[in-house]
Amino acid sequence: MKPLGITGGPLFECRDVHYAYQGRIPALRGIDMTLSRGERIAFLGANGSGKSTLLSLLDGLIFPDMGTILYAGRVLTEAAFLDEAFTLEFRKNVGLVFQNPDVQLFCPTVREDIAFGPLQLGMDETTVKTRLEALVETFGISPLLDRSPHQLSVGEKRKVAFATVLAIDPHVLLLDEPTAGLDPLTSTHLIEMLATAAGTGKTIVTATHDLHILEDIADKVYVFGQDRRMAACGTPAEILADTALLQANNLIHRHSHHARDHRLMRTPQV
Amino acid sequence: MAGKDFAERSIRGALTFFREAIFADETAGLPGVLQSLDPRVKIVMVLLGLLLVLFTRSLAVLGVLYLLSVLLAAVSRIKLGSFLKRTWIFIPLFSLLIAIPAMFSFVSPGESILSAGAFHITRQGVMSAGFFVGRVLASVSLVVLLSMTTRHFDLLKALRCFGIPHLFVMVLGMCYRYLYLFVEMVENTHRAIKSRVGSRIHYRKGQRVVAWNIAHLWMRSYAMNEQVYHAMVSRGFRGEPVALDRFRTRPRDWCWLLAAVAVMLLLGYVEHRTRA
Ligand SMILES: Nc1ncnc2c1ncn2[C@@H]1O[C@H](COP(=O)(O)OP(=O)(O)OP(=O)(O)O)[C@@H](O)[C@H]1O
Ligand SMILES: [Mg+2]
């Protein structure tokens, strides 16, 4: 059923991945990265540094111009997705929450949107309905169910977008700036849910430029440089302590004490 | 200055009307009689009504159908004013283009009942103009009634039961959903321009801004199109959509359908008898 667990190797492996939009707007220039099962990873980078692009590549929506991406030992190419069995397997196991919820919510009602993924992946209607009810419960979105996504606030859209992916119950969650536009309470709630998900063994990759949530969502951080390559990789604590690195990559302003304040805030009082 | 204000007001008015007429779903959520029926049954009822409108040769039948639709609107908790507004809005246009010319002898030759110089209004002409307005009014009322008492997407989904392919219905549904987004974008950009350059923008410059905006909108919709497709693929879409079907016909749906058929037959019969 889940061959991922059986193969001992990394879940995702990127080798010298290059990608350019329309063949001329470079977005990634040589990314090397491995991702193991159950890991929590953050992609940290300024605007336009290629985080969303890498997530799309990992989700098999676009394919590298140069270099390779492997998923459970299999190279992700357009041809690989012609294999129906593989596609089904991959889509069931990997879910992407898009940065723009308006893109993600394309169905006329919230209910249909949440049911969309499971139904496409061949789940039967009763299971879909049970899942729908469970998700509605956790997210507290029952009043929104029959509304059209265009009638929701940004935060509500984000919640629903997240629910549409959780409905598939994938093993790998790819999240593109999940906390952008959320109020502190909802944002905390979301982070708690991610922690729960990680507790059940899910692999979670989050793209963000929010330094505050870094320690809560990741064990390992990849920093995206302005040169469209990986600038650094380390634990959240290491990355947050490296003020020079964060400055060089436009993640904090030279005069801000953001990172330091953050460290102070988090350090347990002794 | 006044001219520009007028243009601006009409654009805004058009957008509001568009939004209200096409996207308003509020009346569909009211606990009225028609709202509680299965959309498929409603579609069949309206189709029956439309057939009768098309084939009847009696003004009285058209009148009865029109009264029925007003009555149904009333029991479905639709405000009479907004129902009438939506149905009568088409009448002036159609009258001007078709009904009024039809009254004259050069369109409908026949027995003259009023003449002014070379222009003769004929009895046959008045009759056919009356029929025309009556048909438009009755059929528009039926369709407006259907659209005001049914969630638009349910309407689309119900089409699927009449053999229209699911993919087509889904694409329609998405068009509908994103159309709204674009109406909103147009409004927002308009507001953004105003807040940036103030309302006293030079006419020429305004034109350029608008042109640029339209180009931008196209580009955005193109990029969005691709992203939406990705979002679908990411959740397992493989060209043939699967959807949740939650229409249920209950006994009362069948009762209404039977009643509708009975009324249509009765009207047809009465018309036949009075003619014979
Ligand atoms: N559809 C597209 N067409 C052309 N260029 C694009 C497209 N999408 C992204 N780019 C470009 O690719 C680069 C990387 O974009 P990407 O969206 O991956 O960045 P990001 O790190 O997600 O940024 P953000 O934090 O703003 O979301 C940017 O320079 C961007 O201009
Ligand atoms: Mg991004």
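Note on naming: letters A, B, ... go to the chains in the order of the sequence lines (proteins, then strands), and numbering restarts at 1 for each one.
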Pairs of donor and acceptor atoms involving the side chains of residues 53-70 of chain A, under 3.5 Å and at least two apart or interchain, shall be tabulated with distances.
unit_1, atom_1, unit_2, atom_2, d
A/T53, OG1, A/Y21, OH, 3.0
A/S56, OG, A/S52, O, 3.3
A/D59, OD2, B/S234, OG, 2.6
A/D65, OD2, A/A20, N, 2.7

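- Note that CZ of B/R235 and CG of A/D113 are 5.0 Å apart. Values are rounded to the nearest 0.5 Å.
- The heavy-atom pair separating A/Q120 from B/G236 by the smallest distance is CB-O, 3.4 Å.
- Neither the backbone nor the side chain of A/L174 has a heavy atom closer than 4.5 Å to any heavy atom of chain B.
- Judged as a side chain to side chain donor-acceptor pair (under 3.5 Å), and not counting sequence neighbours, A/N47 has no contacts.
- Taking all atoms of both residues into account, the shortest heavy-atom contact from A/F98 to B/Q227 is CE2-O, 4.3 Å.
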